[in-house]
Amino acid sequence: MTFVSKTNSNSIPKVLEFLAYSNIIVALASGSFVGIWQIQYQLPLSQYGYLLFFLSVSAYGYMHLAESKKPSMGHPVRIFTKKNKGFVLGLSLLSALVALYFIWLEGMQTSLVLLPALLISLAYPNNPWFKGIRSKPGWKLLFIAFTWAYTSTFVPLWLYGELPTQILMTSFFQVFFWVFALAIAFDVRDIAFDGGELQTLPQQKGISAALRWAWIAIAAVEVSLFIQFMQDQLSWQVLLARWIPLELSSLFLWRIKKKADPLFISFWIEALPIFAFALLFFSSKFFVN
């Protein structure tokens, strides 16, 4: 199968484009949050992480296929999805089947707890039957941040963590605000493609003001992590492994303020949670808490 790319003949951009636009990177990012909690709180979450990965591939594939019916107008994801529709559809269906298998393994309780997120994902994109909830003015960003924080943090920590409510909610809001910040980058990428009725932050406030909101959200996560460290809830290894990607997030957002390269946003910004998990994984192997 040939994957169509708008980049040059360099193989590296084509590989990055494929990983980003086929929904693999976004799925790895969602699963990485589960991996972070597994290491940080020493919880048996690997099976749930696999479930979330395949659910994410399936959900984003469905959403991109639904949105691909719109005119492309140069939108990189719509172009990729249209050119590789058979592959995206097949990967999404296969991932849905694997996700159903993991849901069966996890049991009815996990299915019921995940139901709100599944309904949001189904109702999110515009499609021939109804107008998606992403079209509700000003709500797109909140739906994304809530769904990520709910599926990757609240559900696994609530079902398997037996953690104090304070730690559970702190972890939830750390992911919520980080995803909120990173999702603003995608609103910047899509500012030329989104209809004015969406009223995204870049549309309402301008790109510079929207990015300031993103930096404030990142700073809030950093303050939260430092407070946890001062309360002896985090080791210095965990603090650094989670702090460095946040600093990179701020740096990457500054970069897209200068140049909003779609592939940079779709791959490198999306991959930041993966980098956080990798840092935490290797620090847990080579350093003793």
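Counting begins at 1 with the first residue of the sequence.
- There is no side-chain donor-acceptor pair under 3.5 Å between Trp148 and Ser30.
- Counting heavy atoms from C-beta on, the side chains of Ile191 and Thr200 never come closer than 4.5 Å.
- Among residues two or more places apart in sequence or in another chain, the side chain to side chain contact (heavy atoms under 4.5 Å, CB included) test is passed with Phe53 by Ala27, Leu28, Val57.
- Between the Ser56 side chain and the Leu52 main chain, a donor and an acceptor come within less than 3.5 Å of each other.
- Glu17 contributes atom CD, which lies 7.0 Å from atom CZ of Phe80 (distance to the nearest 0.5 angstrom).
- Between Phe277 and Phe33, the gap from one ring centroid to the other reaches at least 6.0 Å.
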Next on the checklist: Pair Tyr48, Leu114 - check side-chain contact (heavy atoms from CB on, under 4.5 Å), show working.
Outcome noted: CA-CA 11 Å; Tyr48 180 84; Leu114 281 172; 3.5 Å; yes
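- Side-chain contact annotation: Ser171 with Tyr41, donor-acceptor N/O pair under 3.5 Å present.
- Expressed to the nearest 0.5 Å, how far CZ of Arg189 lies from CD1 of Ile269 amounts to 10.0 Å.
- In this structure, the side chains of Ser22 and Val88 stay at 4.5 Å or more apart for every pair of heavy atoms.
- In this structure, Ser266 OG and Asn23 CG are separated by 10.5 Å, a value rounded to the nearest 0.5 Å.
- Annotation for Phe102: atom CZ counts as buried by contact number, over 12 foreign heavy atoms lying within 6.0 Å.
- Under the 3.5 Å distance criterion, the side-chain polar atoms of Ser284 are matched with a main-chain donor or acceptor of Phe281.
- Taking the charged nitrogens against the carboxylate oxygens, Lys140 and Asp187 do have a contact shorter than 4.0 Å, which makes a salt bridge.
- The two residues Leu122 and Tyr62 have their closest heavy-atom pair at O-OH, 2.7 Å.
- Side-chain heavy atoms closer than 4.5 Å link hydrophobic residues (I, L, V, M, F, W, Y) into clusters, and following such links, possibly through other members, connects Trp215 to Phe226.
- Within a 6.0 Å sphere centred on CH2 of Trp268, other residues, nucleotides and ligands contribute 12 heavy atoms or fewer.
- To the nearest 0.5 Å, the span separating CG on Leu280 from CD on Gln40 amounts to 6.5 Å.
- A 6.0 Å sphere centred on CH2 of Trp213 holds no more than 12 heavy atoms belonging to other residues, nucleotides or ligands.
- Ring to ring, Phe267 and Phe18 are not that close: their centroids are 6.0 angstrom or more apart.
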Next on the checklist: ring pair (Phe, Tyr, Trp, His ring centres under 6.0 Å), that's the test. Do Phe54 and Tyr101 meet it? Break it down for me.
Outcome noted: CA-CA 10 Å; Phe54 288 108; Tyr101 170 72; 9.8 Å; no
